[in-house]
Amino acid sequence: MNRKESGKKAVALSAMLLSATLVVTACGGGGAVKEEPSVRGAAPAANDVKPTEISILSIFYQKEPPAADNIILKEVEKRTNTKLNITWVTPNNFSEKVNVTLASGDMPDLMLVTDTGNAAFRNMAKQGAFWDLTEMIKPYPNLMKFPKITYDNLNIDGKLYGIPRVRPTEGNAQPLLRADWLTKLNLTMPETTDDLYKVMKAFKENAPDGQKDTVGMSGYVNANDMGQFSFIESVFTGANGKYRVKDGKLTDVTLEPEMKAMLEWFRKAYSEGLIPQDFALLKHNQAKDLVAAGKAGIFADKPNQEPNFNKDIKSMNPGTNPDMQWVPFMSGTLGKMAATGTGHFGMFVIPKKVPEAKVKKLLEFMNYGDSDEGHELANYGLENEHFKLENGNYVLTEKAANDPSFQFMQNIFMKFDKYANVATVGLSPEQISRDKKLIDKASEVGVPSPVSSLVSETNNKLGADYAKKIQDLKTKVIMNKASMEDWDKFVGELKVDKNYMKILDEFNEAYRAKIGMK
């Protein structure tokens, strides 16, 4: 556990369009900013300058938002000489909140936008709704430590219109598995989809924790994709998302036989009760509740959730196996492929109404948050109160272990760390080393999405509708409400749909331009 870690009318029109179409999921001058200190508790020098008031809209994943007097929020304000007014929004309501806020034009100083590829949002950016930070961000060293892929994937016509919410590229959605269930049933870690199916079936039929209605794997689908089950789709298609590169050009895996094979696999798993029968209706927390209840042995999430899974299960089931252990594993068949993340989960945009001088203060505020000290404060809290250092390793205090309210700022502050998706508290050094090796292996066989930074105008207009239709039929096929013949007929119709195939053509044109092909 080592230390880590505007044409106003045009803009208004785009905002109105965005409301209908957007779907989700501190003290500056103009000169260079010095690297923030890495010494814990080394707050910026005290001065008599009035605190900068900063309004923020951000997502949060904890059960309840923090109180206004939260000790970490107050410490952040103290160290950055700010007065924070943060609107915290749950994942289930975040898309709607962003839609309404952007459409109203009454935006906070910093607003998280996660669906940065949406056409209406991109149009708002290009028409002057937000500050162009392409050059302004360069004097801030901690922000410039983000990997190139992060900035490339947030590029809008060569410009940067927000501060990246940086994320590591590996370990974003690894399947986690109850290793103690494997041991109890004399099973080994799955390496193929056939292996995975057998493990899920054994978990379902034997219910190692003795819980009624146990399933092999819990999860849910989104309106436009396979959601938490996407890792299995990637195993079958060999693609990170909807497209893959084959013979030097992009192909749409929806039209490939591997997609049909994936649906047949899931259709069988559903018919045998190996996944929740109401998976199409579940939200993230509901799917995760099956894990906490000891009713699911496989769940896709970040490896750093292992300690939380253990804690939640033991809290709900005091008699649970004390040796319970969740272990992440490579989802690509035989470990030959791992989907690489985009290097971000959205960005914090700054509306153009914010004065330039304040923009610099906002950049400095975020630069502090991505320093070693800011990252530590957001993720581990205050030394002695929330954590102690033992041989350079973080160990949470009993108070922190029972109160996650000190970790809210990690939804805003996060420095780039290749291993950020590996838990650094709550696991043994051996377990941490194991998970880091998994990240290293994923790096070696990582496959990025080939269309992350590409634009298809037809996809911008019609892509969401097609995606919804495709996922709707996938769900129906899995639940036996539509047949495999229905799927074959649908794929045939897509292949002769001029608008649908135009999307692929436009992405291929953009792809050739990107790699320098004519």
Side-chain angles (χ1 to χ4, degrees), residues 1-5 40-41 43 54 56-80 82 84 86-92 94 110 112 114 142 165-168 171-172 176 284-285 288 291-292 301-315 326 345-346 348 365-366 368-390 393-417 419-427 432 435:
M1 296 184 286
N2 295 319
R3 288 187 69 189
K4 303 284 306 169
E5 309 229 333
R40 285 170 289 104
I54 300 177
I56 305 173
L57 188 152
S58 178
I59 201 168
F60 79 99
Y61 296 92
Q62 291 81 358
K63 292 184 177 181
E64 298 290 340
D69 60 351
N70 180 277
I71 187 172
I72 300 302
L73 291 181
K74 290 303 179 184
E75 186 65 22
V76 169
E77 290 179 334
K78 174 184 174 183
R79 297 189 188 186
T80 60
T82 58
L84 303 178
I86 306 176
T87 299
W88 299 99
V89 185
T90 67
N92 292 344
F94 194 74
L110 289 167
L112 176 63
T114 56
N142 298 323
R165 189 169 181 252
V166 72
R167 289 296 182 268
N172 290 290
L176 278 72
H284 181 272
N285 288 342
K288 196 172 181 179
V291 171
D301 212 324
K302 297 178 182 179
N304 61 18
Q305 292 302 302
E306 295 170 55
N308 293 332
F309 285 1
N310 293 341
K311 176 184 174 183
D312 289 346
I313 293 173
K314 290 178 180 178
S315 175
W326 284 84
F345 185 26
F348 285 94
F365 172 76
M366 295 299 282
Y368 172 79
D370 296 321
S371 68
D372 289 345
E373 180 188 314
H375 176 83
E376 176 182 88
L377 179 61
N379 287 271
Y380 305 109
L382 300 170
E383 188 171 17
N384 295 322
E385 183 162 355
H386 300 106
F387 74 89
K388 294 182 180 179
L389 284 173
E390 296 181 2
N393 300 324
Y394 286 104
V395 178
L396 290 183
T397 63
E398 183 176 353
K399 174 182 178 180
N402 295 312
D403 178 18
S405 67
F406 71 95
Q407 292 181 314
F408 278 92
M409 285 303 294
Q410 66 181 208
N411 296 300
I412 300 174
F413 288 171
M414 173 83 67
K415 72 174 183 178
F416 176 71
D417 176 3
Y419 299 113
N421 284 329
V422 173
T424 53
V425 293
L427 296 181
I432 294 173
D435 291 356

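Predicted model only: the values in this text are computed from it and were never measured.
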Open item on the list: Are the side chains of F348 and I56 in contact, using a 4.5 Å heavy-atom criterion?
Closed with: yes

Open item on the list: Once rounded to the nearest 0.5 Å, what's the spacing between atom NZ of K302 and atom CG of L176?
Closed with: 12.5 Å

- [ ] For residues P168 and D417, report the shortest heavy-atom separation together with the two atoms involved.
- [x] CB-O, 3.5 Å

TODO: Inspect the surroundings of CD in E64 and state if more than 12 heavy atoms from other residues, nucleotides or ligands are less than 6.0 Å away.
DONE: no

Task: Closest non-hydrogen atom pair between I412 and S58, with its separation - done: CG1-OG, 3.6 Å

Open item on the list: Quick check: do H386 and Y380 have side-chain heavy atoms less than 4.5 Å from each other?
Closed with: no

Task: Close side-chain approach of N421 and R167, heavy atoms under 4.5 Å - done: no

Task: side-chain hydrogen bond (donor to acceptor under 3.5 Å, both in side chains) involving N308 - partner list, sequence neighbours excluded - done: Q305

Task: Closest non-hydrogen atom pair, E77 against L84 - done: OE2-N, 2.8 Å

Task: Value rounded to 0.5 Å, distance of CG in L396 from CZ in F406 - done: 5.0 Å

Task: With F413 via ring pair (Phe, Tyr, Trp, His ring centres under 6.0 Å) - residues at least two apart - done: F365

Task: With sequence neighbours excluded, residues passing side-chain contact (heavy atoms from CB on, under 4.5 Å) with E385 - done: I71, L382, K399

Open item on the list: Using only atom types and a distance under 3.5 Å, with no angle test, would you say the side chain of N411 pairs donor to acceptor with the backbone of F408?
Closed with: yes

Open item on the list: Using every non-hydrogen atom in the two residues, find where G171 and P303 come nearest and quote the distance to one decimal.
Closed with: O-CD, 3.1 Å

- [ ] To the nearest 0.5 angstrom, please state how far the CD1 atom of I86 sits from the CG atom of L57.
- [x] 10.0 Å

Task: Smallest separation among heavy atoms of K74 and A68, with atom names - done: CE-O, 3.5 Å

Open item on the list: What I'd like to find out is whether the side chain of V291 reaches to under 4.5 Å of the side chain of D301, using heavy atoms alone.
Closed with: no

- [ ] Please tell me if the side chains of W326 and L427 come closer than 4.5 Å, counting only heavy atoms from C-beta onward.
- [x] no

Open item on the list: Side chains of Y61 and P91, heavy atoms from C-beta outward: is any pair under 4.5 Å?
Closed with: yes

- [ ] List the atom of N142, the atom of D370, and the distance in Å for their closest heavy-atom pair.
- [x] CB-O, 3.6 Å

Task: Atom pair CG (L389) and CD (E376), whose distance is rounded to the nearest 0.5 Å - done: 6.5 Å

Open item on the list: Just to verify, what does K311 make a salt bridge (Lys or Arg N to Asp or Glu O under 4.0 Å) with, not counting sequence neighbours?
Closed with: none

Open item on the list: I want to check something: taking the side chain as every heavy atom from C-beta on, are V395 and F387 in contact at a cut-off of under 4.5 Å?
Closed with: no

TODO: Output all residues satisfying side-chain contact (heavy atoms from CB on, under 4.5 Å) with A292, sequence neighbours left out; order by chain, then residue number.
DONE: D312, M316

- [ ] Side-chain contact test, heavy atoms from C-beta onward, threshold under 4.5 Å: evaluate it for M409 versus E75 and give yes or no.
- [x] no

TODO: Sequence neighbours left out, what passes side-chain contact (heavy atoms from CB on, under 4.5 Å) with N70? Give chain and number order.
DONE: P66, I72, L73, S405

